[in-house]
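Structure, as C-alpha cells:
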Amino acid sequence: MSSYTAEEMMSIAAARALTEGSSCFVGIGLPSTAANVARRMHAPGLVLIYESGCLGAKPDLLPLSIGDGMLAETADSVVSVPEVFNYWLQPGRIDVGFLGAAQLDRFGNINTTVVGGDYTDPKVRLPGAGGAPEIAASCKEVFLVVRQSTRAFVAELDFITSVGHGSGAGDRHRLGLPGAGPTLVITDLGILRPDPRTAELTLTQLHPGVTLDEARAATGWELAVAEELGRTEAPSDRELTVLRELTAASQ
Amino acid sequence: MSSYTAEEMMSIAAARALTEGSSCFVGIGLPSTAANVARRMHAPGLVLIYESGCLGAKPDLLPLSIGDGMLAETADSVVSVPEVFNYWLQPGRIDVGFLGAAQLDRFGNINTTVVGGDYTDPKVRLPGAGGAPEIAASCKEVFLVVRQSTRAFVAELDFITSVGHGSGAGDRHRLGLPGAGPTLVITDLGILRPDPRTAELTLTQLHPGVTLDEARAATGWELAVAEELGRTEAPSDRELTVLRELTAASQ
Amino acid sequence: MADIVSLREGLAELVSDGDLVAMEGFTHLIPVAAGQELIRQRRKDLTLARMTPDIVYDQLIGAGCARKLIFSWGGNPGVGSLHRFRDAVEHGWPAPLEIEEHSHAGMANRYVAGAAGLPFAVLRGYVGTDLPKHTENIKPIECPFTGEQLTAVPALNPDVTVVHAQRADSHGNVQLWGITGVQKEAVLAAKRSLVTVEEVVPELTPRAGAIVLPSWAVTAVAEVPGGARPSYAQDYYERANTSYQEWDAISRDRERFQEWLADQVYGAEVKS
Amino acid sequence: MADIVSLREGLAELVSDGDLVAMEGFTHLIPVAAGQELIRQRRKDLTLARMTPDIVYDQLIGAGCARKLIFSWGGNPGVGSLHRFRDAVEHGWPAPLEIEEHSHAGMANRYVAGAAGLPFAVLRGYVGTDLPKHTENIKPIECPFTGEQLTAVPALNPDVTVVHAQRADSHGNVQLWGITGVQKEAVLAAKRSLVTVEEVVPELTPRAGAIVLPSWAVTAVAEVPGGARPSYAQDYYERANTSYQEWDAISRDRERFQEWLADQVYGAEVKS
C-alpha cells in the first residue's frame, strides 16, 4: 500500500460516503474531488449538481470553479440559478449536500462569514454564505469536510452562517428545517457523527495512524467519543490511483 | 371601395388601433387577426405575445390556437407559461392586452364565466378566466372587441371575471391594478372609450352606415354618447386585401 | 431513476381512484392517449387539475372518471364549448362535477409553488374579480416590506402528474421542445409522475429550445407514439384541427358521445 | 428596442453616481470590461449588487467606486479571498463599504421578485442563521393557508443591470447560452440595462441551451469582444485561471493594486 496525505485520506473517506444513484450538491474543492472519485469508483450513477445550474454534470476533469464550461457541456440539463435553488434544492430533492466551513461547533453549525471582532468590524472577513444556508437546510443530509484544528473546531461560532443541529436534538424540527442536517463530518483526523440522542458531534472513527489524543487536541471543546471507536480503512491502491490520476489530469 | 362585413370592419378598426413598435398580448380569433393585419400594414415591428409563452411570434398565417407550432417556430423566444405570466405580463411590460367578452358592462368589466342561474348552478357555463384577469389588470392598456347586442352589453354582469374600470373612475387605483384598463372598445357598430371623468364607456365613433339608434338599441344600458360623435373610416381596399388574403391563406 | 413501462402498467401502478391527477400540455403535447387509458382502466372519483381542460378532460368528465375539476379555461380551443364539461356543470351528467376555478396566472403559480416546495405563491391577480368568492384557495397577503396587498394561492401538489414529451433516453431522461407550457412545474410539483413520449432513443441530442427533465425527477416513462393526438408534437406531427371540430359534434350529444366511448376507448386496442 | 451603442457611450448614458448597479454572470460571462469602464468613468457612490462579487467588484471597490455592496458570496473562486473587498470591510480602505449580505437563494429570489414585478419573494431560507440580524431585508412571513412560517426578501430592482452575452442581432435581441445564471432576472428587474456582447451578428440562429432577451426588454447593447475576460464566454474563449491567481497577488497589496489600476484601467485604451 502506498503512502498518502491527510488530504487524500479526507477525499477518499468523503468519496466512500457517497452512494450509487444518489444526488449530491457539490461545491468546488474537496467535495467536487470526492464526488468525482466516487463516480469513477463505486458510484458511476451519482448525480452531481452544481449551484451554477448544472444538473447531472459529468466532468472528465476536476472543475476549477462551480461554473466551468465543462460542467454545462456534460450536464443532463442546465437551468438558471434561481431554478436550481427554487425547484431543485428547496423542495428537498437532493440527497446529499457537501459543505466546508471556516468554523464549526459541536452541533455542526457552520461559520463562513466573519472571524473575530464583530460583524460590522471583523478581524477577518470570509466570503460569506453562498449557497450554504439553504444547502444545510434542505438537502436530505449534509456531509461536512473540515480540517480538524482548534481554530476551526470552536466552542462558539463567531457567526452562524448555516445551521447544523442548532442547539441540539430537535432544534432542526423546531426551526422547520426539512433535511436531517449534518450526518457526517469528515476531517483529516477522523470521522464524526451526531449522537442520535443529543445531536452532538461524536468521534466515531479515526483515520489510520491518528491517535485519540491528537483528535482531542485539535478540538476546541471536550470531544465526545463513541464507545466503539472505529478505524478508517486506509486508501486502497485503486482509490489512490483514481484520485491521483484525476488530480494530475486536472492540473 | 369594396363592400365588407361587420366582422371585417371590426378587425380592421382593431388593427388600426395597434401602433408600430408596441407589444401586444393577443388571444386567438379576432385579436390575433387584427394584430397580424397590423403587422402587414402600418406596424411591421409590432411584438406579438401569446400566453403559450411565444414572445415576438411572427406567424405567416393566422394561428388556430394560442399554442400553434408556427408561433413557437417564429418567436424571438419561447418561455414557459409561468414565465410569460410572471416575468412578462405581471410587471406591466406589455403595452396592449386584447380581450373579448361574453358580457361587458358600462365600465368595461368583463364576464367570461357563467350566464344566468347562479355560479354553482349556471344556465350557461362559459370557458372561464384563462389569462384575462391578469391581462386586464397588468397590460398598460386594454382593447376590448365585442359584438354589440343587449345580450353582451348588459347593465349588470352575472359574474366579474376581469376588471375594467370597476365601479367607475379611480376604482382601478383603489384596487391597486397597475394598467390603465380598457381604453378602447371596438364593436361591430362603432367604438367606445371611457369618459375621462367617469370612466363610463362612451360611444365616440360609429362605423359607416350604422345609426346612433342602432347602437343604442344594441346596448343594455343607457348609452353615453360623445358630444362630437365621429365616423369610422371605411376599410380601404388595401386593408381589405391584406385581411382577406391572410384569412384565405389560413383556411 | 424513471422506470420505462407500458402505458397500461404505468397508469395502473401510479393512479388510484380518488387521486388528484394533473395532465398538462398547453395546446402542444397534450397527453390524450394517457387520458383515454385512464377511462379504459375505469378510474373513479379523480380530482382533475389542468389549466385548459380541452378534449382530454372533456372525455374523462363525460366518462364519469372525475369528481372535481381544478382549471382556468375550459373551452374547445378555436371551436367553442366543451360540451361534456358543460353538461356536467349545467346538468350534473353523468355526475355532478365540483369545480375550483382560477386564472391562468393563478394556476401556473400554484404549480410553481408546488415545484418549489413552498406552501403558496404570490401574484398580482384576481383583485376585483368574483373568483375569490367561490374558493378558499385565493387569499390576500401583505408584503412585509411595503405593506402592499397581493394575492396568494396555495401550492398544487398532484398525487400524479402525466405529461407527454417528444422523447426520452433509455435511462428515462425526458426531452421536450417547442411550447413547453407548465409541464416542468407540474411534474416537479407531483408526488409521482408519468411521461408518455413519442419515442425512446439511445441518447438525447441537444436541441434548441429543449428542456430536459432528468430521469431522477420522473417516476415512469412510457413510449406512446402519437400519444398527444389530436393535439400535436412539434417535429413529429401537426395538430388535427378537424378532430377538434369533430369533437364538437361527438360531444354535443350524450348518446353519440357514449357510442364514441364504446368504439374508440373501451373497444380500442390499448396503445402500448 | 435596444440601441446599439459603444461601451463608453452606453455606460455614460445609463449609469450615474449613486445608482444601484447590478452586474451579473455566474462564473461565466462576467461583464469585466464594463466594470473597468465604470472605473475609467470614475463613477462614485454606487451601490453594487451581485451574487458573487468576484474580480469585477474587487476592482470597483478598490478603485473607490462603491458605497455599498449587496452580495451573497465574496471570494476569488478557486483561489481564496477578494483582498480589495476585505480591505474595504476590515480597514475601510479606500473608503468604508456598507454591506448587505444574503444567501445565494435569497439574492436569486430578490432578482426573481424584481423581474416579476412583485415587491417581495418567499423562500425557505435563512432560518436559524445570523444573517437576518444584520439587515431589515430578511423577514418572516406566514403562509395564509397552512400557517407555516417562511422567509421573505424584498425585490431587488437595480437602476441599471449590466450583463455580458455571446451575441446580439442588429435589432438588439440578445442570445446567451451555457451557464445563464441569474442574468435574465437581473435584466428584467432593472429600470435600465446594458448588455455587452462578443459580437453583433445579422441574425440569431437557434442554439441548444440558449436563452434570448428580446430587444424590447433591453435598453442598450454594446459589442465588446473579450468583454468577459478573465472569465469565459462559452464557445468564444476559456476562463483564464491564471489571471484569477495573478489577481490574488495584485490585489493583496494596495500599492501594487494602484499601479495595476493606473496601467491597466486608467491608462488602457477604451475597449469600444
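Proteins get letters first, then strands, A, B, ... in listed order; numbering begins at 1 in each. Computed from a predicted structure; not experimentally measured.
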Notebook entry, point to check: Given the rule in the side-chain contact (heavy atoms from CB on, under 4.5 Å) test, do B:I66 and C:F26 qualify, once you have shown the distances and angles that lead to the verdict?
Noted result: CA-CA 9 Å; B:I66 46 80; C:F26 204 85; 3.1 Å; yes
Next item on the list: Walk me through it: do B:V163 and C:T129 pass the test side-chain contact (heavy atoms from CB on, under 4.5 Å)?
Entry: CA-CA 6 Å; B:V163 178; C:T129 77; 4.2 Å; yes
Next item on the list: Go through the steps for B:D121 and C:E90 under the test side-chain contact (heavy atoms from CB on, under 4.5 Å), then give the verdict.
Entry: CA-CA 6 Å; B:D121 187 17; C:E90 294 171 9; over 6 Å; no
Notebook entry, point to check: Is there a side-chain contact (heavy atoms from CB on, under 4.5 Å) between B:S65 and C:R239 once you walk through the steps?
Noted result: CA-CA 10 Å; B:S65 78; C:R239 190 170 190 264; 4.1 Å; yes
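When each of C:A108, C:G78, C:P77, C:S103 is scored by its heavy-atom pairs under 4.5 Å with chain B, the top score falls to C:S103. No other option in B:D171, B:L177, B:N86, B:L71 has as many heavy-atom pairs under 4.5 Å with chain C as B:N86. Among C:V182, C:V127, C:L123, C:L150, the residue with the largest count of heavy-atom pairs under 4.5 Å with chain B is C:V127. Ranked by non-hydrogen atom pairs under 4.5 Å with chain B, the options C:A208, C:G209, C:G128 are led by C:G128. The most heavy-atom pairs under 4.5 Å with chain C, out of B:G130, B:G131, B:S138, B:A72, come from B:G130. Between chain B and the residues C:M107, C:H134, C:H28, the largest count of heavy-atom pairs under 4.5 Å involves C:H134. Options C:V79, C:N241, C:T180 differ in how many heavy-atom pairs under 4.5 Å they form with chain B, and the most are formed by C:N241. Annotation: maximal heavy-atom pairing with chain B below 4.5 Å, among C:D235, C:I211, C:L131, occurs at C:L131.
Not one N or O on the side chain of C:E101 forms a donor-acceptor pair closer than 3.5 Å with the backbone of B:G128. With C:D130 contributing its side chain and B:I160 its backbone, the two residues share a donor-acceptor pair below 3.5 Å. Side chain of C:Y126 to main chain of B:P133: no donor-acceptor pair is present (N/O by atom type, distance under 3.5 Å, no hydrogens or angles). Of the possible polar contacts, one joining the B:Q90 side chain to the C:R124 backbone as a donor-acceptor pair under 3.5 Å is found.
Using a 4.5 Å cut-off between heavy atoms, C:F71 touches chain B through its side chain atoms alone. Neither the backbone nor the side chain of C:H91 comes within contact range of chain B; no heavy atoms are under 4.5 Å apart. Heavy atoms closer than 4.5 Å to chain B are found in the side chain of C:F85, but not in its backbone.
Ring geometry for C:H104 against B:F85 counts as perpendicular: the plane angle is over 60°, on a 0 to 90° scale with 30° as the lower cut.
Using a 4.5 Å heavy-atom cutoff, the side chains of B:Y119 and C:K133 are not in contact. Side-chain atoms of C:Q183 and B:V81, non-hydrogen and from C-beta on, never get closer than 4.5 Å to each other.
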